[in-house]
Amino acid sequence: MERAIIRGGARLCGTVRMSGSKNAVLPVLAASILAGSPSIIREVPRLDDVLTICEVLQSLGARVLFHSGGEIEVDASSVSETEAPYDLVRRMRASFLVMGPLLARLGHAKISLPGGCAIGARPIDLHLKGFEALGARVSLGDGYVKVVSPGLTGQKVYLDFPSVGATENIMMAASLSEGTTFIENAAEEPEIIDLGNFLSNMGAEVRGAGTKVIRIDGRRELHGVDYTVIPDRIEAGTFMVAGAITRGDVIVSNVVPEHLKPVIAKLQEAGARVFEESETQVHVIGPERPQAADFKTLPYPGFPTDMQAQMMALMCVADGTSIITETVFENRFMHVGEMKRMGADIKIEGRSAIVRGSENAWGAPVRAPDLRAGAALMLLGLRAQGITEISGLEHIHRGYADIAGKLRSLGGDIQRVPDLI
Ligand code: EPU
């Protein structure tokens with residue numbers, strides 16, 4: 001276990017390159033099970049969650065090779081195991097993404113129920129509803145969910161909520177099934193488009209990914225491909241806030257500015273100057289003091305829930321009061337208590353947090369309660385007076401590749417030290 005020690009006050013300046021997207025690479029790696037021949041996935045970020053999904057693939061019988069340049073080769077031709085055990089699914093909910101591919105490829109799958117997690121109950125009813133619509137039988141027992149089907153057939157599936165994971169799981173299952181599937185009220189996130197491209201390259205015909213209706217013409221067989229995942233828009237958003245909160249001047253490279261529109265708009269409203277330098281670079285110049293700005297998290301193209309905590313850090317030092325409403329997850333305010341330890345004035349009322357900005361934040365020992373909340377505490381620590389010690393760094397390492405090194409490269413005073421407790 002490690003802690004991060006941050007001495008606040010440095011103005012971050014320079015250029016920092018973003019890694020491949022965590023939330024794109026996880027479903028892409030799960031989808032590689034669909035192919036009878038090997039795939040090479042490029043721009044894979046070095047993250048604990050990536051290692052976990054690779055362990056899941058290996059436990060199913062896939063051969064997974066890590067190349068030094070950040071590529072992963074997956075040969076799933078010999079996958080025969082259909083059970084993803086509790087230990088791995090408990091460690092990372094996204095392990096559940098192998099259910100659709102296993103069902104389609106081998107006709108059955110047994111996955112430990114993911115249960116709740118720190119940010120909410122996170123049920124999987126929409127995933128299961130989709131599998132049932134395609135012809136699978138679903139049963140629950142002993143903490144596991146089992147799905148069985150002699151052969152999936154394309155159907156219309158309407159999602160009550162545009163769940164990212166359910167859209168992905170159904171897309172993957174539908175790609176290796178008979179006939180045509182329509183997913184209505186589908187999630188529209190960029191990671192869905194990336195998965196759609198991956199599946200199309202494997203031989204399925206996927207149209208409309210990134211819109212409310214996705215059409216998938218399934219195939220009897222899919223083949224492995226060489227694929228590069230999109231850059232991580234949440235890592236990019238986090239570094240953009242780092243520039244803004246430290247009165248900095250930061251160019252974030254290897255980004256798709258289009259994916260960052262809601263974050264760019266909110267940073268501009270908060271007084272940051274943001275320019276799209278090129279098709280792959282965004283430049284952020286932080287204001288002396290940010291302005292308060294209200295926002296509500298929503299499915300894409302709304303403001304991302306995965307940026308709520310980081311933007312709240314900015315609002316903690318803003319001039320004025322902001323109302324931040326979380327509509328995607330029911331319990332994603334765990335950072336509030338920790339931010340208060342750093343001097344923030346925040347009150348929670350139902351699904352909203354009322355943040356009264358104050359000129360200064362101060363350093364304090366805090367604990368990262370989850371991935372994005374941990375990153376947000378780092379951001380507030382960079383602005384705070386004095387020293388912030390963040391424990392629970394393992395949460396942050398699940399989703400940020402070398403965040404401390406990247407912040408240091410911009411002039412942030414941040415060290416990683418072993419946690420002796
Ligand atoms: N939901 C249901 N039933 C379902 C599925 C979801 O009620 O069957 C609810 C959830 O409980 C939640 C909401 O729908 O309240 C959104 O869940 P969604 O399924 O869209 O999220 P996810 O697929 O579990 C992915 C990301 C999350 C990100 C969300 C929303 C991955 C691996 N994870 O989760 O990323 O917050 O979409 O954009 O792609 C993160 O990176 O920190 C993270 C949590």
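In listed order, ligands and their atoms are each counted from 1.
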Peer 1: Going by the atom numbers of ligand 1, which of them fall below 4.0 Å from some non-hydrogen atom of Phe329?
Peer 2: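 So the answer, numbered in order with elements, is 12 (C), 15 (O), 29 (C), 36 (O).
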Peer 1: With a heavy-atom distance limit of 4.0 Å, tell me whether Leu126 approaches ligand 1 through its side chain, its backbone, both, or neither.
Peer 2: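 The part of Leu126 near ligand 1 is both the backbone and the side chain.
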Peer 1: Compare Arg332, Arg398, Gln308 and give the one whose heavy atom is closest to atom 44 (C) of ligand 1.
Peer 2: Arg332
Peer 1: Would you find a donor on one side and an acceptor on the other, under 3.5 Å apart, between the side chain of Glu338 and the backbone of Arg367?
Peer 2: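 Yes, the answer is positive, given that a donor and an acceptor are paired below the 3.5 Å cut-off.
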Peer 1: Would you mind telling me if ligand 1 is within reach of the side chain of Asp306, the backbone, both or neither, using heavy atoms under 4.0 Å?
Peer 2: side chain
Peer 1: Under 30°, 30 to 60°, or over 60°: which ring-plane class applies to Phe295 and Phe303, parallel, tilted or perpendicular?
Peer 2: tilted
Peer 1: Going by the atom numbers of ligand 1, which of them fall below 4.0 Å from some non-hydrogen atom of Ile124?
Peer 2: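 Within the 4.0 Å cut-off of Ile124, ligand 1 contributes 4 (C), 8 (O).
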Peer 1: Given Asp370, Val164, Val328, which has its nearest heavy atom closest to atom 20 (O) of ligand 1?
Peer 2: Val164
Peer 1: Is ligand 1 less than 4.0 angstrom away from at least one heavy atom of Lys22?
Peer 2: yes
Peer 1: Main chain of Phe329, side chain of Glu326: is a donor-acceptor contact present, judged purely on distance under 3.5 Å?
Peer 2: yes
Peer 1: When Gln308 is tested against each of His335, Arg372, Arg332 for side chain to side chain donor-acceptor pair (under 3.5 Å), which residue passes?
Peer 2: His335
Peer 1: Is the closest N or O pair between Phe161 and ligand 1 shorter than 3.5 Å?
Peer 2: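 Phe161 vs ligand 1: no N/O contact under 3.5 Å.
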Peer 1: I want to confirm something. Looking only at heavy atoms, which of Asn23, Ile234, Thr297, Asp49 is nearest to atom 32 (C) of ligand 1?
Peer 2: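 Nearest heavy atom to atom 32 (C) of ligand 1 lies in Asn23.
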Peer 1: Should one rank Pro123, Pro304, Gly130, Pro299 by closest heavy-atom distance to atom 1 (N) of ligand 1, which comes out on top?
Peer 2: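 Result: the heavy atom closest to atom 1 (N) of ligand 1 is in Pro123.
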